[in-house]
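Report on the structure given below.
We use all heavy atoms of the structure for the numbers below, so side chains are in, but hydrogens, waters and symmetry mates are not. Quick note on labels: first sequence line is chain A, next is B, and so on, each numbered from 1. Note that the structure is a prediction, hence the values are computed from the model and not measured.
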Amino acid sequence: MSAEVPEAASAEEQKVMNNKLAWSLQPLIEMEDKVTSPEKAEEAKLKARYPHLGQKPGGSDFLRKRLQKGQKYFDSGDYNMAKAKMKNKQLPTAAPDKTEVTGDHIPTPQDLPQRKPSLVASKLAG
Amino acid sequence: MEVESDSHIHMCWQVLCTRTKKWPLADIISTVEFNYSGDLLATGDKGGRVVIFQREQENKSRPHSRGEYNVYSTFQSHEPEFDYLKSLEIEEKINKIRWLPQQNAAHFLLSTNDKTIKLWKISERDKRAEGYNLKDEDGRLRDPFRITALRVPILKPMDLMVEASPRRIFANAHTYHINSISVNSDHETYLSADDLRINLWHLEVTDRSFNIVDIKPANMEELTEVITAAEFHPHQCNVFVYSSSKGTIRLCDMRSSALCDRHSKFFEEPEDPSSRSFFSEIISSISDVKFSHSGRYMMSRDYLSVKVWDLNMESRPLETHQVHEYLRSKLCSLYENDCIFDKFECCWNGSDSAIMTGSYNNFFRMFDRDTRRDVTLEASRESSRPRASLKPRKVCAGGKRKKDEISVDSLDFNKKILHTAWHPADSVIAVAATNNLYIFQDKIN
């Protein structure tokens, strides 16, 4: 603190100075929390955006998604038609559907996830 | 074979050559691998193609410049398939290529997609037989009754033709997706690993394989981890390691039992429970594990770091190198755009004194284990002229950004360098940036 503070600082001036001090310390305190765990801060952000994440029981969703990789089709006819048409226009796609289709019911084309843009090279690829 | 002095690692690199492709998507490079001599470099791509580059003879007028790599052979290794039982497509993307040690004039490599491994023979043909008795030079059959004299066909030189033919197809042994293949030091067997199982094959036998690791739980609801990578020890033919999505590495000895579900060694770095978060397990997942050439160490790559382990010490790694620690405060968005699941590979140099791995924004990182120095370089179109020097890059994590630094927020997360390879002896590296291949050599002043 400056040595030139007048001895007779009024109570009000003192209060203002204290408030200023308190405010100047605030960002330091916040930064310390972030510095000690950026990961936890990120986790809090994620939980705020997706409150239902991580609450499903059983095996992890990531693992299950990993084990079932690859585009699912209704049947082989659907697959072959998709391959034949991929060079030209896109088929009318189903609404983007995030839920997985399991063996519980017979899937219909509407249940299947939206088709990814086809990336299989044409037979012309040398 | 020219061997660089390994007393100092070159932190200065320059472009040797670059190979770029015009077609997008299908040409995304998915694996890069030098052969045992380093004269051949194989790349596999998302369209199921394999392209092999061969190093040219060194230019006598420029004795210090190494030979460039030019295309030697291109072939379609895998085609897209359809699994009728599950109604799932099987991608033709080449997940891994591994060379076999050369035993004769031909070259052999194993290439694999999610389900099928193929052994390819690449051979050269530079002679052609001429003067057949029963057919003309253009192949038309001659009328045998018109032939009045016999002659011996003679071999004439022809333009070099490189042929690739599939010699073995190892199929139907994996229910889940193959992530690794590794040739054994006995040169007779190899392993293939999928998410839950590891199989042992003999190179000559395609209708049988032995299951050596099975971590599939009886009830799939109890599934907690998957196998992410596996590799045979470079010298001990009975030892292999496999890594998991939980950040652990298990070393197994095939002499101890037929089914290696029980590990011989278990490598895991103890975690501070107070720092655990939702992301902890995801970022600890090991995307690649590689033995050192000496066989004494191994290296594991998780999302943010590379760890070097001493095989004799299971309790903690010998070294931990931060690849892009500045991403720790971006994990939320990296989770949302799925980048947190990216699988980066890592590699050793020939003398095990340096390691390399990729990052985002077409950056890749190199760590010198002896001098403890590290450098960030970029594989970009701008600096891709031959002999152009690579300027070291720096990422600014926060606060004031200095000139030439790049801020974390302006990194391009679509430009990821997942696959890199280091020449087995020389200071030459291959870096795959999406559908471009960059080959760099150390800069000699």
[X] atom [atom1], over 12 foreign heavy atoms within 6.0 Å:
X	atom1	result
Asp159(B)	CG	no
Asp214(B)	CG	yes
Lys40(A)	NZ	yes

Parallel under 30°, tilted from 30 to 60°, perpendicular over 60°: which one fits the rings of Phe82(B) and Tyr79(A)?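 Phe82(B) and Tyr79(A): parallel rings.
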State, yes or no, whether a side-chain contact exists between Leu331(B) and Glu43(A) at a heavy-atom distance under 4.5 Å.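 The answer is no; the side chains never approach within 4.5 Å.
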Given that the side chain runs from C-beta out, which part of [X] has a heavy atom under 4.5 Å from chain A: side chain, backbone, both or neither?
X	answer
Glu225(B)	backbone
Ile282(B)	side chain
Ser285(B)	side chain
Asp194(B)	neither
Asp338(B)	side chain
Phe75(B)	neither

Mind running side chain to side chain contact (heavy atoms under 4.5 Å, CB included) on Lys72(A) and Glu89(B) for me, showing each step along the way? CA-CA 6 Å; Lys72(A) 207 168 171 74; Glu89(B) 72 169 353; over 6 Å; no
For the pair Leu46(A) and Phe279(B), evaluate side chain to side chain contact (heavy atoms under 4.5 Å, CB included) and give the outcome as yes or no after the intermediate values. CA-CA 10 Å; Leu46(A) 196 70; Phe279(B) 303 110; 3.7 Å; yes
Steps toward side-chain hydrogen bond (donor to acceptor under 3.5 Å, both in side chains) verdict (Tyr335(B), Glu42(A)): CA-CA 10 Å; Tyr335(B) 176 85; Glu42(A) 290 293 297; over 6 Å; no
Distance check, rounded to the nearest 0.5 Å: Glu39(A) atom CD versus Cys332(B) atom SG?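 If we round to the nearest 0.5 Å, Glu39(A):CD and Cys332(B):SG are 12.0 Å apart.
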OG-CZ distance between Ser37(A) and Arg328(B), expressed to the nearest 0.5 angstrom: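 Ser37(A) atom OG to Arg328(B) atom CZ measures 10.5 Å (nearest 0.5 Å).
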Just give me the residue among Thr175(B), Val226(B), Asn219(B), Leu196(B) that pairs up with chain A most often, heavy atom to heavy atom, under 4.5 Å.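 Looking at each option in turn, the highest pair count goes to Val226(B).
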Top of Ser280(B), Ser275(B), Ser277(B) for chain A proximity - count of heavy-atom pairs under 4.5 angstrom: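 Winner by heavy-atom pair count: Ser277(B).
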